[in-house]
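In what follows, residues are counted from 1 in the order of the sequence shown.
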Amino acid sequence: MSEWTEIGDRTWVRRYEEWDLNVGLVVGSDGALVIDTRATTEEAEQLREHIRELTDAPVRWVVNTHAHFDHVAGNSVFADATVYLHENAATEADLAGTTFAAAKVIDLGDRHVELLHVGNAHTSGDTVVVVPDADVSFVGDLIEESAPPSYGEDSFPLEWPDTIEAVVGMMTAATKIVPGHGAVVDTEFARDQAIELGKVANTISTLHHAGTPLDDALKHTEDWPWPVEKLQDAIRRGYQALGTPQRPSLPLLGPG
């Protein structure tokens, strides 16, 4: 059974068996902030009870790290809370809430939480939730610990590595990073995953530059850090961004 783990001052994470999902909780003098609300209303109702076991502070704020169902489907259970999410996440999933473009600060009374959108990656609407006084960052599915990063039909494989590098660049050596799924990690883990994501991006670009047709690229088994079966959407999305590959041709000889 999952339990709350305090990873900073009044900052907790709870890792649920369902979807191996991490939920965050930050408590200030004016109330509690929840980071992601699980995959169903039933799961969210359980989350609400688990929060009550930990604190009597009212849940006044909910932050969605991105728009995928396992992170947002329980929003309605926290009817008295203001939901915050990136504007792209709201548009893509038709989610209601208070949106932001690049950065937002939420005042919890005696402390604050920062919401940052650094770039395209797992989706176009990924939000990093920073708790500055605890040196904790909840990064959603920008980083995954218990499985390879999840490339979907709305991912940005060519931009993802640079986005993580930019996020890690804002952290300290001691920052605790809460991924969307799996155990809490550090900046070294995040940088290593950025390197692996970079290998995916570079291999896609190399295959495209060589004129490799998409169907052949989808079967290419070398140079990937993870099984190619898990990278089908990544390859498709990369090729979509790069356009139709052109067969390389020898330069025409000029007049002698």
For this session: Applying salt bridge (Lys or Arg N to Asp or Glu O under 4.0 Å), run through D20 and R15 and close with a yes or a no.
Result: CA-CA 6 Å; D20 197 18; R15 181 177 174 182; 2.6 Å; yes
Does the pair [X]/[Y] count as a salt bridge with the N-to-O cut at 4.0 Å?
X	Y	answer
R52	E49	yes
K219	D216	no
D36	R14	no

For this session: Check whether any side-chain heavy atom of W226 lies under 4.5 Å from a side-chain heavy atom of L231, and answer yes or no.
Result: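 W226 reaches L231 side chain to side chain.
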Look at the side chain of [X] and the backbone N and O of [Y], then say whether any donor-acceptor pair between them is shorter than 3.5 Å.
X	Y	result
N64	H66	no
H209	G211	no
S137	V139	no
T55	A57	yes
T175	T172	yes
D110	S29	yes
T163	E159	yes
T127	L116	no
R38	E43	yes
T65	G140	no

With a 4.5 Å cut-off on side-chain heavy-atom distances among I, L, V, M, F, W and Y, is there a chain of contacts connecting [X] to [Y]?
X	Y	answer
F69	V34	yes
L108	V13	yes
L47	Y84	no
V23	V27	yes

Which heavy atom in [X] sits nearest to a heavy atom in [Y], and how many Å separate them?
X	Y	result
V185	P179	N-CD, 4.4 Å
A217	T212	N-CG2, 3.8 Å
L21	D70	CD2-O, 3.1 Å

Exercise. Is it the case that R237 places NZ or CZ above or below the six-membered ring of Y151, under 6.0 angstrom from the centre and within 45 degrees of the axis?
Worked result: no
Exercise. Got a second to check how far D192's CG is from L197's CG, nearest 0.5 Å?
Worked result: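 These two atoms lie 11.0 Å from each other.
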Do [X] and [Y] have their ring centres less than 6.0 Å from each other?
X	Y	value
H122	W160	yes
H50	Y16	yes
F100	H86	yes

